[in-house]
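In what follows, chains are A, B, ... by sequence order, proteins preceding strands, each numbered from 1.
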Amino acid sequence: MPELPEVEVVRRGLERHVAGRTIGAVSVLTARSVRRHAAGPQDLVTRLVGRRLGSARRRGKYLWVPLDDAAPHRAGEALLAHLGMSGQLLVRPAAAPAERHLRVRVRLDDGNELRFVDQRTFGGLAVVRLAASADDGAPVPEPVTHITVDPLEASFDLDAVTGRLRRRRTGVKRALLDQTLVSGVGNIYADEALWRARMHYARPTETLRRAEVVRLVDAVRTVLVEALDDGGTSFDALYVDVNGRSGWFDRSLAVYGQADRPCPRCGTPVRRDQFMNRSAYTCPRCQPRPRRGRW
DNA sequence: ATCGTAGCCTGGAGGC
DNA sequence: TGCCTCCAGGCTACGA
């Protein structure tokens with residue numbers, strides 16, 4: 001499940017393998033994978049062919065590559081990608097056999113292809129215009145303007161996030177998953193950060209003391225950075241491994257997916273709860289359920 | 001305005 | 001073996 005660290009790994013790969021390349025033929029094999037491109041697959045192809053790929057950028061779980069062009073009416077466009085649940089961006093020789101869930105091929109001028117592969121088609125590609133972020137005013141793709149600065153960005157404002165979090169009236173995990181409050185965190189890193197901060201997911205945000213919020217947001221940042229350090233070592237495999245394997249599934253996780261296994265801190269068996277039609281993993285001893293919990 | 005939920009989607013796992 | 005059900009979850013749209 002690509003969350004911020006995994007998407008950042010992909011961004012670095014794009015930076016290394018496709019920046020500066022010019023796009024040749026583009027082929028959309030699954031229209032659903034470009035459904036966010038409002039004008040349709042053919043328009044997406046037209047807007048991509050002949051463009052030069054710039055330096056890959058990321059905010060939260062969104063990834064984009066600016067499209068340079070001499071044509072002024074096309075200035076300020078970018079190829080936007082969201083990996084959803086199962087999306088991958090692979091760079092492969094154009095002649096390499098198609099992957100099982102290959103959705104979009106983008107031919108490059110160096111004999112390679114940028115390939116969007118996505119089993120469950122929650123992710124997708126689009127060509128969109130850049131606009132000012134509602135949060136910090138930075139140029140981001142139009143569909144990303146509502147996504148807040150993520151914890152790894154230089155402009156990340158701990159005080160601002162602390163304030164916004166404390167003004168919420170909801171459970172703390174719900175808040176962490178809200179990409180307008182803090183971006184880049186999904187189910188895995190929310191659970192890992194809550195465990196690190198020794199906080200239960202149902203803790204009502206309005207009962208959080210300022211110091212607790214700081215501790216939590218620090219835990220979020222630490223968890224993301226550590227995951228990135230782990231993933232970063234194997235990221236190139238994404239682009240050269242014949243299987244296109246990412247290697248981000250075998251990271252060491254304290255609680256996520258660890259039901260009944262011992263908490264690394266105290267040995268108590270990790271518990272799995274139903275939460276938002278999904279799962280929440282906690283150590284029942286390190287993260288006791290609050291008396292007045294809020295989902 | 002804010003909060004909470006349904007639905008999108010496919011393949012692997014496990015029960016019978 | 002094969003059929004069935006459950007489960008994974010980021011995001012948007014929509015209802016309360």
- Query: Are the side chain of A:Thr170 and the backbone N or O of A:Ala175 linked by a donor-acceptor pair below 3.5 Å?
  - Reply: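 Between the backbone of A:Ala175 and the side chain of A:Thr170 there is no qualifying donor-acceptor contact (under 3.5 Å).
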- Does the side chain of A:His101 get closer than 4.0 angstrom to OP1 or OP2 of B:dG11 through an N or O atom?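 The answer is yes; a side-chain N or O of A:His101 sits under 4.0 Å from OP1 or OP2.
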- Task: Kindly say if A:His82 contacts the phosphate of C:dT12, meaning a side-chain N or O under 4.0 Å from OP1 or OP2.
- Result: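 No, A:His82 has no side-chain N/O under 4.0 Å of OP1/OP2 on C:dT12.
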Nearest whole angstrom, please: distance from the [atom2] of [N] to the [atom1] of [X].
X	N	atom1	atom2	value
A:Arg120	B:dG12	CZ	C1'	11 Å
A:Asp118	C:dA8	CG	C1'	14 Å
A:Asp273	C:dC7	CG	P	14 Å
A:Asp178	C:dC11	CG	C1'	11 Å
A:Arg100	B:dC9	CZ	C1'	14 Å
A:Ile188	C:dG10	CD1	P	7 Å
A:Leu63	C:dG10	CG	P	17 Å
A:Met276	B:dG4	CE	C1'	8 Å

Looking at the side chain of [X], which of [options] is the nearest nucleotide?
X	options	value
A:Arg174	C:dT12, B:dT5, B:dG11	B:dT5
A:Arg32	C:dT12, B:dC3, B:dC9	B:dC9
A:Gln119	B:dT5, B:dG11, B:dC9	B:dG11
A:Thr170	B:dT10, C:dC7, B:dC3	B:dC3
A:Arg168	B:dC3, B:dT10, C:dG10	B:dC3

- Message: Please report the interatomic distance CG(A:Asp157) to OG(A:Ser155), rounded to the nearest 0.5 Å.
- Response: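 It is 8.5 Å, given to the nearest 0.5 Å.
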- Task: Identify whether any heavy atom of A:Ser279 sits under 4.0 Å from a base atom; if not, whether one sits that close to sugar-phosphate; answer base, sugar-phosphate or nothing.
- Result: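 The residue A:Ser279 makes sugar-phosphate contact but no base contact.
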- Contact class for A:Arg35 vs. all strands (heavy atom < 4.0 Å): base, sugar-phosphate, or nothing?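 Here A:Arg35 touches no strand at all.
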- Message: As a test of understanding, state which of A:His200, A:Lys173, A:Arg203 forms a side-chain contact (heavy atoms from CB on, under 4.5 Å) with A:Leu194.
- Response: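 Between A:Leu194 and the candidates, side-chain contact (heavy atoms from CB on, under 4.5 Å) is satisfied uniquely by A:Lys173.
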- Item | Closest-nucleotide ordering on DNA chain B, the 5'-leading residue of A:Arg278 and A:Arg169 |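 Closer to the 5' end of DNA chain B: A:Arg169.
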- Query: Do A:Gln274 and A:Arg272 get their side chains close enough for a donor-acceptor pair, meaning under 3.5 Å?
  - Reply: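 Note: A:Gln274 and A:Arg272 side chains meet the donor-acceptor criterion.
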- Message: I'd like to know whether CZ of A:Arg35 has more than 12 heavy-atom contacts from other residues, nucleotides or ligands below 6.0 angstrom.
- Response: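 It does: A:Arg35 CZ has more than 12 such atoms within range.
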- Hey, which of these two, A:Asn277 or A:Gln179, hits DNA chain C nearer its 5' end, going by closest nucleotide?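 The 5'-side residue here is A:Asn277.
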